[in-house]
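So the structure is just underneath, and the comments pick up after that.
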Protein chains: 2
Amino acid sequence: MSVQSSHGHTHAKGPQSLRLTKGAKKVLEVLERTEELSSAQDIHVALRSEEESPPGLTTVYRSLESLVQFGLVQAVDFGDGERRYEMVKPGEHHHHLVCEKCRDSVHLDQCLVQQLEESIQAKYKFEVRGHILEIFGLCENCQNAMAATGKK
Amino acid sequence: MSVQSSHGHTHAKGPQSLRLTKGAKKVLEVLERTEELSSAQDIHVALRSEEESPPGLTTVYRSLESLVQFGLVQAVDFGDGERRYEMVKPGEHHHHLVCEKCRDSVHLDQCLVQQLEESIQAKYKFEVRGHILEIFGLCENCQNAMAATGKK
DNA sequence: TGGCAAATGAAAACCGTTTTCACTACTGAA
DNA sequence: TTCAGTAGTGAAAACGGTTTTCATTTGCCA
């Protein structure tokens with residue numbers, strides 16, 4: 001897949017040929033320097049605080065969609081009704097530990113599911129194309145905080 | 001945790017003592033005889049087609065919430081904006097293969113993450129309390145259908 | 001039976017996301 | 001360089017699942 005600049009007339013006939021639009025570049029910049037996962041609205045807020053004429057929310061959503069198609073960004077869903085995004089480091093694929101208390105998340109360094117896929121494929125004749133795995137619980141800090149206050 | 005009937009005055013002081021309300025029972029009945037995952041709206045539709053005075057959507061949502069708290073039902077989120085629910089068979093914990101085409105889902109017979117939890121706990125000092133793992137792809141039928149029509 | 005808290009339903013509020021539509025910006029061709 | 005056409009953008013509206021509000025009903029208990 002080739003990534004080209006915005007507004008180029010490509011004569012590619014793909015469903016939609018992918019371009020890196022201006023807005024998408026700004027979105028990507030935010031994600032590049034953000035350690036944690038960001039929601040579309042997070043990104044929008046960030047852009048508004050630093051750009052003179054920041055892209056609107058709509059454009060942020062659209063940019064994220066195409067960045068995901070590019071494979072530059074991956075969407076992560078914790079099932080709390082708000083999708084989050086992060087840069088894809090090439091060749092990396094990983095999951096998160098999400099603290100239920102402070103919502104901080106930690107990357108697990110590699111994909112824990114890969115080795116399962118083959119056996120699933122064989123056993124169920126199911127063509128695996130993707131998966132979500134997110135692990136919830138309490139980070140060390142919150143464990144301590146709760147122990148201190150006696151809350152459960 | 002004790003499950004009691006609706007409207008009972010329990011003198012338990014828990015945050016909210018859990019009761020199995022009339023609406024929740026009906027919701028549970030639907031889930032009991034449903035093989036696939038059901039959304040709140042699925043359940044509501046099912047109830048409307050078979051009850052003289054079916055619980056409203058609001059009640060279905062509230063029932064599901066408490067059934068999840070009871071531990072009788074688990075919520076599953078595929079990240080498509082619609083939460084689904086299923087009965088928890090005691091002691092069972094599993095994940096799903098979800099076909100991206102027809103949305104059918106197959107239960108995996110056991111939890112694939114359990115053995116990971118210990119090592120995560122040790123390595124990250126993270127207290128694991130739960131996780132989501134759902135695997136997406138194409139079921140055998142849809143693979144064949146696509147092969148037949150040449151679609152990709 | 002009367003009182004009261006819990007349960008319920010309808011409608012409205014919510015909130016993240018998507019769609020619509022008018023307008024702007026860019027590009028390639030003439 | 002201008003023109004035409006297409007892609008990108010933003011504001012506002014639409015959407016859809018879920019939650020909240022609030023008035024009403026239900027059923028337990030004294």
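Chain A is the first sequence line, chain B the second, and so forth, proteins listed ahead of strands; every chain is numbered from 1.
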Mind calculating the distance between [atom1] ([X]) and [atom2] ([N]) to the nearest angstrom?
| X | N | atom1 | atom2 | result |
| --- | --- | --- | --- | --- |
| Gln69(B) | dA7(C) | CD | C1' | 15 Å |
| Leu64(B) | dA7(C) | CG | P | 15 Å |
| Asp77(A) | dT17(C) | CG | P | 9 Å |
| Glu82(A) | dT18(D) | CD | P | 16 Å |
| Arg84(B) | dT18(D) | CZ | P | 9 Å |
| Leu20(B) | dA7(C) | CG | C1' | 13 Å |
| Asp42(B) | dG16(D) | CG | P | 15 Å |
| Tyr85(B) | dT18(D) | OH | P | 6 Å |

Where the side chain of Lys22(A) is defined as all heavy atoms beyond and including C-beta, which of dG27(D), dT18(D), dT9(D) is the nearest nucleotide?
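Nearest listed nucleotide: dT9(D).
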Check whether any side-chain nitrogen or oxygen of [X] sits under 4.0 Å from OP1 or OP2 of [N], and answer yes or no.
| X | N | result |
| --- | --- | --- |
| Gln41(B) | dG16(D) | no |
| Tyr61(A) | dT17(C) | yes |
| Thr21(B) | dT8(C) | yes |

Using a distance-only test with no angle check, is there a side-chain donor-acceptor pair under 3.5 angstrom linking Glu36(A) and His107(A)?
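No pair is found: no donor N or O on one side chain lies under 3.5 Å from an acceptor on the other.
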Any chance the side chains of Glu127(A) and Gln121(A) put a donor and an acceptor closer than 3.5 Å?
no
Please identify each residue that fulfils ring-ring contact (aromatic ring centres under 6.0 Å, His included) with His44(A), with sequence neighbours left out.
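Checked His44(A) against ring-ring contact (aromatic ring centres under 6.0 Å, His included); zero matches.
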By salt bridge (Lys or Arg N to Asp or Glu O under 4.0 Å), which residues pair with Glu50(A), not counting sequence neighbours?
Arg33(A)
Answer yes or no: is there a donor N or O on one side and an acceptor on the other, between the side chain of Thr21(B) and the main chain of Ala24(B), under 3.5 Å?
yes
Treating Gln143(A) as the side-chain partner and Leu138(A) as the backbone partner, does any N or O pair qualify as donor plus acceptor under 3.5 Å?
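Yes.
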For DNA chain D, determine which residues of residues 43-59 of chain A have any heavy atom closer than 4.0 angstrom to one of its atoms, and list them numerically.
Pro54(A), Pro55(A), Gly56(A), Thr58(A), Thr59(A)
Both Arg62(A) and Ala40(A) contact DNA chain C. Taking the nearest nucleotide for each, which residue is further toward the 5' end?
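Counting from the 5' end, the first nearest nucleotide belongs to Ala40(A).
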Could you check whether Arg83(B) gets within reach of a base, just the sugar-phosphate, or nothing at all, counting any heavy atom under 4.0 Å?
sugar-phosphate
Does the separation of the ring centres of His95(B) and His131(B) fall below 6.0 angstrom?
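Centroid distance His95(B)-His131(B): below 6.0 Å, so yes.
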